[in-house]
Number of protein chains: 2
Amino acid sequence: MSPVETPLKPEADDATLVSGVGLLIFRLARASAWRLGRSLTDSGLRWPEFAVLHHLDAEGPIAQRELALALRIQPSNLVALLDHLQERGLLARAPDPADRRRHRVELTVGGRRAVKRAREATRRAEGEMLGPLSAEERRQFRALLVRLTAHTCDRGAAGRGGRC
Amino acid sequence: MSPVETPLKPEADDATLVSGVGLLIFRLARASAWRLGRSLTDSGLRWPEFAVLHHLDAEGPIAQRELALALRIQPSNLVALLDHLQERGLLARAPDPADRRRHRVELTVGGRRAVKRAREATRRAEGEMLGPLSAEERRQFRALLVRLTAHTCDRGAAGRGGRC
DNA sequence: TATTGTTATACTCTATAACTATA
DNA sequence: TATAGTTATAGAGTATAACAATA
(Lines give C-alpha, C1' and ligand atoms only; values in the text may rest on other atoms or scores of the structure.)
Protein backbone atom coordinates (compact mmCIF):
# COMPACT_ATOMS: atom_id res chain seq x y z
CA MET A 1 0.00 0.00 0.00
CA SER A 2 1.29 3.41 -0.91
CA PRO A 3 1.33 5.93 1.93
CA VAL A 4 -0.49 8.58 -0.13
CA GLU A 5 -3.32 6.28 -1.15
CA THR A 6 -6.11 5.76 1.36
CA PRO A 7 -8.39 2.81 0.67
CA LEU A 8 -11.99 3.67 -0.13
CA LYS A 9 -13.27 1.11 2.33
CA PRO A 10 -10.61 0.84 5.02
CA GLU A 11 -10.64 -2.33 7.07
CA ALA A 12 -12.14 -1.55 10.43
CA ASP A 13 -9.71 -1.73 13.32
CA ASP A 14 -10.55 -3.17 16.68
CA ALA A 15 -11.92 0.08 18.05
CA THR A 16 -14.12 0.70 15.04
CA LEU A 17 -15.44 -2.83 15.20
CA VAL A 18 -17.26 -2.35 18.44
CA SER A 19 -18.21 1.26 17.77
CA GLY A 20 -21.92 1.76 17.47
CA VAL A 21 -22.74 -1.51 19.14
CA GLY A 22 -24.58 0.38 21.87
CA LEU A 23 -26.92 2.04 19.41
CA LEU A 24 -27.49 -1.29 17.69
CA ILE A 25 -28.49 -2.82 21.00
CA PHE A 26 -30.98 0.00 21.62
CA ARG A 27 -32.51 -0.47 18.20
CA LEU A 28 -32.84 -4.19 18.73
CA ALA A 29 -34.28 -3.67 22.20
CA ARG A 30 -36.94 -1.36 20.81
CA ALA A 31 -37.92 -3.83 18.13
CA SER A 32 -37.91 -6.59 20.74
CA ALA A 33 -40.08 -4.54 23.10
CA TRP A 34 -42.56 -3.97 20.31
CA ARG A 35 -42.78 -7.61 19.23
CA LEU A 36 -42.75 -9.01 22.74
CA GLY A 37 -45.25 -6.45 23.95
CA ARG A 38 -47.59 -7.29 21.11
CA SER A 39 -47.28 -11.00 21.80
CA LEU A 40 -48.07 -10.45 25.49
CA THR A 41 -51.22 -8.36 25.01
CA ASP A 42 -53.36 -11.49 24.90
CA SER A 43 -52.02 -12.45 28.32
CA GLY A 44 -52.60 -8.93 29.63
CA LEU A 45 -48.97 -8.80 30.72
CA ARG A 46 -46.28 -6.23 30.16
CA TRP A 47 -42.76 -7.44 29.67
CA PRO A 48 -41.42 -6.65 33.15
CA GLU A 49 -44.36 -8.57 34.59
CA PHE A 50 -43.57 -11.46 32.29
CA ALA A 51 -39.96 -11.31 33.46
CA VAL A 52 -41.12 -11.66 37.07
CA LEU A 53 -43.40 -14.61 36.35
CA HIS A 54 -40.73 -16.24 34.21
CA HIS A 55 -38.14 -15.93 36.96
CA LEU A 56 -40.47 -17.23 39.66
CA ASP A 57 -41.38 -20.16 37.45
CA ALA A 58 -37.76 -21.00 36.74
CA GLU A 59 -36.22 -20.38 40.17
CA GLY A 60 -39.10 -20.95 42.57
CA PRO A 61 -40.20 -18.87 45.57
CA ILE A 62 -37.95 -15.99 46.52
CA ALA A 63 -37.90 -12.89 48.72
CA GLN A 64 -38.76 -9.59 47.11
CA ARG A 65 -35.30 -8.19 47.67
CA GLU A 66 -33.63 -11.12 45.91
CA LEU A 67 -36.12 -10.93 43.09
CA ALA A 68 -35.38 -7.25 42.56
CA LEU A 69 -31.66 -7.95 42.64
CA ALA A 70 -31.90 -10.81 40.16
CA LEU A 71 -34.02 -8.88 37.66
CA ARG A 72 -32.18 -5.57 38.20
CA ILE A 73 -35.46 -3.90 39.12
CA GLN A 74 -35.56 -1.21 41.79
CA PRO A 75 -37.31 -2.65 44.85
CA SER A 76 -39.58 0.38 44.91
CA ASN A 77 -40.69 -0.27 41.35
CA LEU A 78 -41.24 -3.93 42.06
CA VAL A 79 -44.04 -3.19 44.52
CA ALA A 80 -46.72 -1.98 42.13
CA LEU A 81 -45.65 -4.64 39.67
CA LEU A 82 -46.22 -7.42 42.21
CA ASP A 83 -49.42 -5.75 43.41
CA HIS A 84 -50.86 -5.95 39.93
CA LEU A 85 -49.90 -9.59 39.49
CA GLN A 86 -51.22 -10.44 42.93
CA GLU A 87 -54.57 -8.74 42.23
CA ARG A 88 -54.86 -10.94 39.17
CA GLY A 89 -54.19 -13.98 41.32
CA LEU A 90 -50.99 -14.94 39.52
CA LEU A 91 -48.75 -14.86 42.59
CA ALA A 92 -48.93 -14.78 46.37
CA ARG A 93 -46.96 -12.75 48.90
CA ALA A 94 -46.46 -13.88 52.48
CA PRO A 95 -44.11 -12.67 55.22
CA ASP A 96 -41.29 -15.06 56.06
CA PRO A 97 -42.05 -16.50 59.56
CA ALA A 98 -38.34 -16.44 60.42
CA ASP A 99 -37.93 -12.78 59.45
CA ARG A 100 -41.23 -11.02 59.03
CA ARG A 101 -39.62 -8.15 57.14
CA ARG A 102 -38.98 -10.43 54.20
CA HIS A 103 -41.88 -11.20 51.90
CA ARG A 104 -41.78 -14.51 50.16
CA VAL A 105 -43.13 -14.33 46.61
CA GLU A 106 -44.55 -17.45 45.00
CA LEU A 107 -46.41 -18.35 41.84
CA THR A 108 -49.98 -19.59 42.16
CA VAL A 109 -51.36 -22.37 40.01
CA GLY A 110 -52.97 -19.71 37.83
CA GLY A 111 -49.64 -17.93 37.62
CA ARG A 112 -47.89 -21.05 36.39
CA ARG A 113 -50.59 -21.49 33.78
CA ALA A 114 -50.34 -17.85 32.72
CA VAL A 115 -46.56 -17.90 32.36
CA LYS A 116 -46.76 -21.08 30.33
CA ARG A 117 -49.22 -19.49 27.94
CA ALA A 118 -47.27 -16.23 27.75
CA ARG A 119 -44.02 -18.07 27.08
CA GLU A 120 -45.63 -19.83 24.16
CA ALA A 121 -46.57 -16.47 22.68
CA THR A 122 -43.18 -14.88 23.26
CA ARG A 123 -41.46 -17.90 21.75
CA ARG A 124 -43.22 -17.19 18.49
CA ALA A 125 -42.34 -13.49 18.68
CA GLU A 126 -38.72 -14.29 19.41
CA GLY A 127 -38.64 -16.72 16.53
CA GLU A 128 -39.87 -14.02 14.15
CA MET A 129 -37.36 -11.56 15.54
CA LEU A 130 -34.46 -13.96 15.03
CA GLY A 131 -35.78 -14.79 11.58
CA PRO A 132 -32.71 -13.57 9.68
CA LEU A 133 -30.47 -15.99 11.60
CA SER A 134 -29.89 -19.69 11.06
CA ALA A 135 -30.44 -22.14 13.92
CA GLU A 136 -26.71 -22.23 14.62
CA GLU A 137 -26.47 -18.45 14.58
CA ARG A 138 -29.39 -18.18 16.99
CA ARG A 139 -27.56 -20.47 19.37
CA GLN A 140 -24.44 -18.32 19.02
CA PHE A 141 -26.35 -15.11 19.56
CA ARG A 142 -28.12 -16.40 22.64
CA ALA A 143 -24.88 -17.72 24.11
CA LEU A 144 -23.21 -14.34 23.59
CA LEU A 145 -26.15 -12.58 25.22
CA VAL A 146 -25.99 -14.88 28.23
CA ARG A 147 -22.29 -14.19 28.70
CA LEU A 148 -22.73 -10.43 28.25
CA THR A 149 -25.56 -10.21 30.77
CA ALA A 150 -24.06 -12.56 33.33
CA HIS A 151 -22.21 -9.77 35.11
CA THR A 152 -23.98 -6.68 33.86
CA CYS A 153 -23.09 -3.39 35.44
CA ASP A 154 -26.23 -1.34 35.64
CA ARG A 155 -27.50 1.13 38.19
CA GLY A 156 -28.66 -1.58 40.56
CA ALA A 157 -25.41 -3.52 40.48
CA ALA A 158 -23.26 -0.43 40.82
CA GLY A 159 -25.12 0.88 43.84
CA ARG A 160 -24.74 -2.26 45.88
CA GLY A 161 -22.16 -4.90 45.07
CA GLY A 162 -19.60 -2.32 44.01
CA ARG A 163 -18.24 -4.58 41.28
CA CYS A 164 -18.37 -1.66 38.80
CA MET B 1 -32.41 -43.65 26.68
CA SER B 2 -35.11 -45.47 28.55
CA PRO B 3 -38.61 -44.08 28.08
CA VAL B 4 -39.28 -43.91 31.83
CA GLU B 5 -36.12 -42.00 32.63
CA THR B 6 -36.17 -38.26 32.08
CA PRO B 7 -32.77 -36.59 31.99
CA LEU B 8 -32.10 -34.13 34.80
CA LYS B 9 -30.81 -31.53 32.38
CA PRO B 10 -32.58 -32.19 29.11
CA GLU B 11 -30.91 -30.85 25.99
CA ALA B 12 -32.73 -27.73 24.90
CA ASP B 13 -34.60 -28.06 21.66
CA ASP B 14 -34.76 -25.41 19.00
CA ALA B 15 -37.70 -23.64 20.56
CA THR B 16 -36.14 -23.56 24.02
CA LEU B 17 -32.91 -22.24 22.59
CA VAL B 18 -34.35 -18.92 21.59
CA SER B 19 -36.75 -18.70 24.51
CA GLY B 20 -35.92 -15.86 26.83
CA VAL B 21 -33.79 -14.08 24.28
CA GLY B 22 -36.13 -11.09 24.48
CA LEU B 23 -35.59 -10.68 28.19
CA LEU B 24 -31.85 -11.05 27.70
CA ILE B 25 -31.92 -8.26 25.15
CA PHE B 26 -33.79 -6.01 27.58
CA ARG B 27 -31.27 -6.71 30.30
CA LEU B 28 -28.37 -5.96 28.00
CA ALA B 29 -30.08 -2.81 26.73
CA ARG B 30 -30.51 -1.54 30.29
CA ALA B 31 -26.87 -2.16 31.09
CA SER B 32 -25.91 -0.54 27.81
CA ALA B 33 -28.09 2.49 28.52
CA TRP B 34 -26.46 2.89 31.88
CA ARG B 35 -22.88 2.64 30.60
CA LEU B 36 -23.49 4.69 27.48
CA GLY B 37 -25.45 7.28 29.38
CA ARG B 38 -22.66 7.63 31.90
CA SER B 39 -20.06 7.96 29.16
CA LEU B 40 -22.11 10.68 27.45
CA THR B 41 -22.66 12.88 30.52
CA ASP B 42 -19.43 14.75 29.84
CA SER B 43 -20.74 15.64 26.39
CA GLY B 44 -24.09 16.68 27.85
CA LEU B 45 -25.82 14.31 25.44
CA ARG B 46 -28.44 11.65 25.95
CA TRP B 47 -28.24 8.56 23.83
CA PRO B 48 -31.02 9.41 21.34
CA GLU B 49 -29.28 12.75 20.77
CA PHE B 50 -26.01 10.94 20.22
CA ALA B 51 -27.76 8.65 17.77
CA VAL B 52 -28.94 11.67 15.78
CA LEU B 53 -25.50 13.28 15.67
CA HIS B 54 -23.88 9.95 14.83
CA HIS B 55 -26.26 9.39 11.94
CA LEU B 56 -25.85 12.91 10.56
CA ASP B 57 -22.09 12.55 10.77
CA ALA B 58 -22.12 9.22 8.96
CA GLU B 59 -24.77 9.88 6.33
CA GLY B 60 -24.66 13.64 5.85
CA PRO B 61 -27.53 16.14 5.62
CA ILE B 62 -31.00 14.69 5.55
CA ALA B 63 -34.64 15.74 5.87
CA GLN B 64 -36.30 15.34 9.27
CA ARG B 65 -38.73 12.76 7.96
CA GLU B 66 -35.96 10.56 6.60
CA LEU B 67 -33.97 10.97 9.80
CA ALA B 68 -36.94 9.87 11.88
CA LEU B 69 -37.48 6.90 9.59
CA ALA B 70 -33.85 5.84 9.70
CA LEU B 71 -33.57 6.04 13.47
CA ARG B 72 -37.08 4.68 14.13
CA ILE B 73 -37.93 7.79 16.12
CA GLN B 74 -41.42 9.25 15.94
CA PRO B 75 -41.26 12.50 13.96
CA SER B 76 -43.12 14.24 16.77
CA ASN B 77 -40.51 13.17 19.30
CA LEU B 78 -37.70 14.22 17.01
CA VAL B 79 -38.73 17.87 17.20
CA ALA B 80 -37.74 18.64 20.78
CA LEU B 81 -34.65 16.51 20.34
CA LEU B 82 -33.45 18.57 17.37
CA ASP B 83 -34.49 21.78 19.12
CA HIS B 84 -32.17 20.99 21.98
CA LEU B 85 -29.26 20.14 19.71
CA GLN B 86 -29.88 23.25 17.62
CA GLU B 87 -29.95 25.48 20.70
CA ARG B 88 -26.55 24.10 21.59
CA GLY B 89 -25.31 24.94 18.10
CA LEU B 90 -24.56 21.33 17.15
CA LEU B 91 -26.81 21.25 14.08
CA ALA B 92 -28.71 23.55 11.74
CA ARG B 93 -32.21 23.25 10.27
CA ALA B 94 -33.21 24.95 7.03
CA PRO B 95 -36.25 24.50 4.78
CA ASP B 96 -35.49 22.78 1.47
CA PRO B 97 -35.85 25.45 -1.28
CA ALA B 98 -37.37 22.87 -3.64
CA ASP B 99 -40.00 21.78 -1.10
CA ARG B 100 -40.29 24.16 1.78
CA ARG B 101 -42.19 21.63 3.89
CA ARG B 102 -39.04 19.57 4.22
CA HIS B 103 -36.45 20.71 6.74
CA ARG B 104 -32.89 19.82 5.90
CA VAL B 105 -30.89 18.90 8.99
CA GLU B 106 -27.13 19.30 8.94
CA LEU B 107 -24.27 19.07 11.42
CA THR B 108 -22.37 22.24 12.24
CA VAL B 109 -18.62 22.29 12.75
CA GLY B 110 -19.24 22.22 16.48
CA GLY B 111 -21.57 19.29 15.99
CA ARG B 112 -18.93 17.30 14.15
CA ARG B 113 -16.47 18.06 16.93
CA ALA B 114 -19.00 17.05 19.59
CA VAL B 115 -19.90 13.74 17.96
CA LYS B 116 -16.22 12.91 17.52
CA ARG B 117 -15.61 13.48 21.21
CA ALA B 118 -18.75 11.61 22.26
CA ARG B 119 -17.89 8.65 20.04
CA GLU B 120 -14.51 8.41 21.71
CA ALA B 121 -16.25 8.15 25.08
CA THR B 122 -18.84 5.62 23.96
CA ARG B 123 -16.13 3.50 22.36
CA ARG B 124 -14.56 3.04 25.77
CA ALA B 125 -17.93 2.24 27.34
CA GLU B 126 -18.73 -0.28 24.63
CA GLY B 127 -15.33 -1.84 25.09
CA GLU B 128 -16.01 -2.33 28.81
CA MET B 129 -19.44 -3.71 28.06
CA LEU B 130 -18.07 -6.27 25.60
CA GLY B 131 -15.29 -7.10 28.04
CA PRO B 132 -16.29 -10.77 28.48
CA LEU B 133 -15.92 -11.39 24.74
CA SER B 134 -12.81 -12.00 22.67
CA ALA B 135 -12.04 -9.80 19.67
CA GLU B 136 -13.42 -12.44 17.32
CA GLU B 137 -16.56 -12.85 19.40
CA ARG B 138 -17.10 -9.07 19.42
CA ARG B 139 -16.94 -9.12 15.64
CA GLN B 140 -19.46 -11.96 15.57
CA PHE B 141 -21.79 -10.24 18.00
CA ARG B 142 -21.72 -6.96 16.12
CA ALA B 143 -22.34 -8.72 12.79
CA LEU B 144 -25.34 -10.55 14.24
CA LEU B 145 -26.70 -7.28 15.64
CA VAL B 146 -26.36 -5.58 12.27
CA ARG B 147 -28.25 -8.37 10.54
CA LEU B 148 -30.97 -8.45 13.20
CA THR B 149 -31.54 -4.70 13.08
CA ALA B 150 -31.32 -4.35 9.30
CA HIS B 151 -35.04 -4.97 8.82
CA THR B 152 -36.42 -4.40 12.28
CA CYS B 153 -40.16 -4.43 12.67
CA ASP B 154 -41.05 -1.85 15.28
CA ARG B 155 -43.97 0.49 15.62
CA GLY B 156 -42.57 2.94 13.10
CA ALA B 157 -41.87 0.32 10.46
CA ALA B 158 -45.19 -1.43 10.90
CA GLY B 159 -47.22 1.73 10.57
CA ARG B 160 -45.74 2.76 7.27
CA GLY B 161 -43.87 0.34 5.05
CA GLY B 162 -46.20 -2.49 5.93
CA ARG B 163 -43.40 -5.03 5.78
CA CYS B 164 -44.52 -6.52 9.09
C1' DT C 1 -56.23 15.99 -0.75
C1' DA C 2 -51.62 14.46 0.90
C1' DT C 3 -47.31 15.39 3.21
C1' DT C 4 -43.82 17.74 6.55
C1' DG C 5 -43.17 19.41 10.60
C1' DT C 6 -45.21 20.75 15.00
C1' DT C 7 -47.87 20.83 19.51
C1' DA C 8 -50.11 18.61 23.20
C1' DT C 9 -50.78 14.70 25.83
C1' DA C 10 -50.58 10.19 27.96
C1' DC C 11 -48.32 5.99 28.99
C1' DT C 12 -44.30 2.83 30.23
C1' DC C 13 -40.12 2.20 32.45
C1' DT C 14 -36.71 3.86 35.55
C1' DA C 15 -34.43 6.43 39.53
C1' DT C 16 -34.35 8.71 44.20
C1' DA C 17 -35.59 9.86 48.75
C1' DA C 18 -38.36 9.44 52.73
C1' DC C 19 -41.22 6.60 55.43
C1' DT C 20 -42.91 1.89 58.29
C1' DA C 21 -42.21 -2.18 60.51
C1' DT C 22 -39.38 -5.40 61.79
C1' DA C 23 -34.74 -6.98 63.33
C1' DT D 1 -28.66 0.93 63.96
C1' DA D 2 -29.58 -1.59 59.95
C1' DT D 3 -32.67 -4.06 56.66
C1' DA D 4 -37.18 -5.30 53.78
C1' DG D 5 -40.74 -3.41 51.97
C1' DT D 6 -43.46 0.65 50.79
C1' DT D 7 -44.96 5.37 49.18
C1' DA D 8 -44.44 9.44 46.52
C1' DT D 9 -42.42 11.73 42.93
C1' DA D 10 -39.63 13.00 39.05
C1' DG D 11 -37.51 12.00 34.82
C1' DA D 12 -36.41 9.73 30.21
C1' DG D 13 -38.29 7.49 26.30
C1' DT D 14 -42.13 6.45 23.42
C1' DA D 15 -46.86 6.53 21.21
C1' DT D 16 -51.09 8.94 19.34
C1' DA D 17 -54.01 12.54 17.61
C1' DA D 18 -54.84 17.05 15.99
C1' DC D 19 -53.05 21.11 13.82
C1' DA D 20 -50.50 24.66 10.47
C1' DA D 21 -47.88 25.29 6.41
C1' DT D 22 -46.88 23.70 2.01
C1' DA D 23 -47.42 20.82 -2.03
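Within every chain, numbering begins at 1; the chains are lettered A, B, ... in the order of the sequence lines, protein sequences first and strands thereafter.
- The distance from atom CG of B:Leu71 to atom C1' of D:dA15 is 17 Å, rounded to the nearest whole Å.
- Atoms CG (A:Leu78) and C1' (C:dA15) sit 14 Å apart, rounded to a whole Å.
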Could you list the protein-to-nucleotides 20-23 of chain D atom pairs, N/O on both sides, closer than 3.5 Å?
from   : atom 1 : to       : atom 2 : distance (Å)
D:dT22 : OP1    : B:Arg100 : NH2    : 3.2
D:dA23 : OP1    : B:Arg100 : N      : 3.1

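- Each of A:Phe26 and A:Arg104 lies near DNA chain D, and the nucleotide nearest A:Arg104 is the one positioned closer to the 5' end.
- Between B:Arg30 and C:dT14, a side-chain N or O to OP1/OP2 separation shorter than 4.0 Å is present.
- A tilted orientation is assigned to the rings of A:Trp47 and B:Phe26, their planes being inclined by 30° to 60°.
- Counting only distance, with no hydrogens or angles, the side chain of B:Thr108 and the backbone of B:Gly89 share a donor-acceptor pair below 3.5 Å.
- Under a 3.5 Å cut-off, the side chain of B:Thr149 and the backbone N or O of B:Leu145 do form a donor-acceptor pair.
- Relative to the six-membered ring of A:Trp34, A:Arg30 misses at least one condition, a distance below 6.0 Å or an angle of at most 45° to the axis.
- Closest approach to the B:Asn77 side chain among C:dT4, D:dA15, C:dT16 is made by D:dA15 (side chain taken as heavy atoms from C-beta onward).
- Exactly one residue among B:Arg117, B:Arg119, B:Arg112, B:Arg113 makes a salt bridge (Lys or Arg N to Asp or Glu O under 4.0 Å) with B:Asp57. That residue is B:Arg119.
- A heavy atom closer than 4.0 Å to some atom of DNA chain D occurs in no member of residues 79-95 of chain B.
- Atom CG in B:Leu67 sits about 14 Å away from atom P in C:dT4, given to the nearest Å.
- Contacts of A:Arg93 classified as salt bridge (Lys or Arg N to Asp or Glu O under 4.0 Å), with partners at least two apart in sequence or in another chain: A:Asp83.
- Remark: A:Leu91 CG to A:His84 NE2 distance equals 11.0 Å, nearest 0.5 Å.
- Distance A:Glu49 CD to C:dC13 C1': 12 Å, rounded to the nearest Å.
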TODO: Could you walk me through whether B:Asp96 and B:Arg101 pass salt bridge (Lys or Arg N to Asp or Glu O under 4.0 Å), step by step?
DONE: CA-CA 7 Å; B:Asp96 180 346; B:Arg101 289 174 304 181; over 6 Å; no
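- Here the nucleotide nearest the side chain of B:Trp47, chosen from D:dT14, D:dA8, C:dT6, is D:dT14.
- Contact annotation: A:Gln64 side-chain N/O to D:dT6 OP1/OP2 distance is under 4.0 Å.
- Taking atom NE2 of A:His103 as the reference point, atom P of D:dT7 lies 11 Å away to the nearest angstrom.
- Across D:dT6, C:dT4, D:dA15, the shortest atom-to-atom separation from the side chain of A:Pro75 is found for D:dT6.
- With a 4.5 Å cut-off on side-chain heavy atoms, B:Met129 and A:Ile25 count as touching.
- Between C:dA15 and B:Trp34, no contact under 4.0 Å exists linking OP1 or OP2 to a side-chain N or O.
- Between B:Arg46 and D:dG13, a side-chain N or O to OP1/OP2 separation shorter than 4.0 Å is present.
- Hydrophobic clustering keeps A:Phe50 apart from A:Val79 (ILVMFWY residues linked when any side-chain heavy atoms are closer than 4.5 Å, directly or through intermediates).
- Put simply, CD on A:Gln74 is 15 Å from P on C:dC13, counting in whole angstrom units.
- Atom pair A:Leu69:CG and D:dA4:C1' shows a separation of 13 Å (rounding to whole Å applied).
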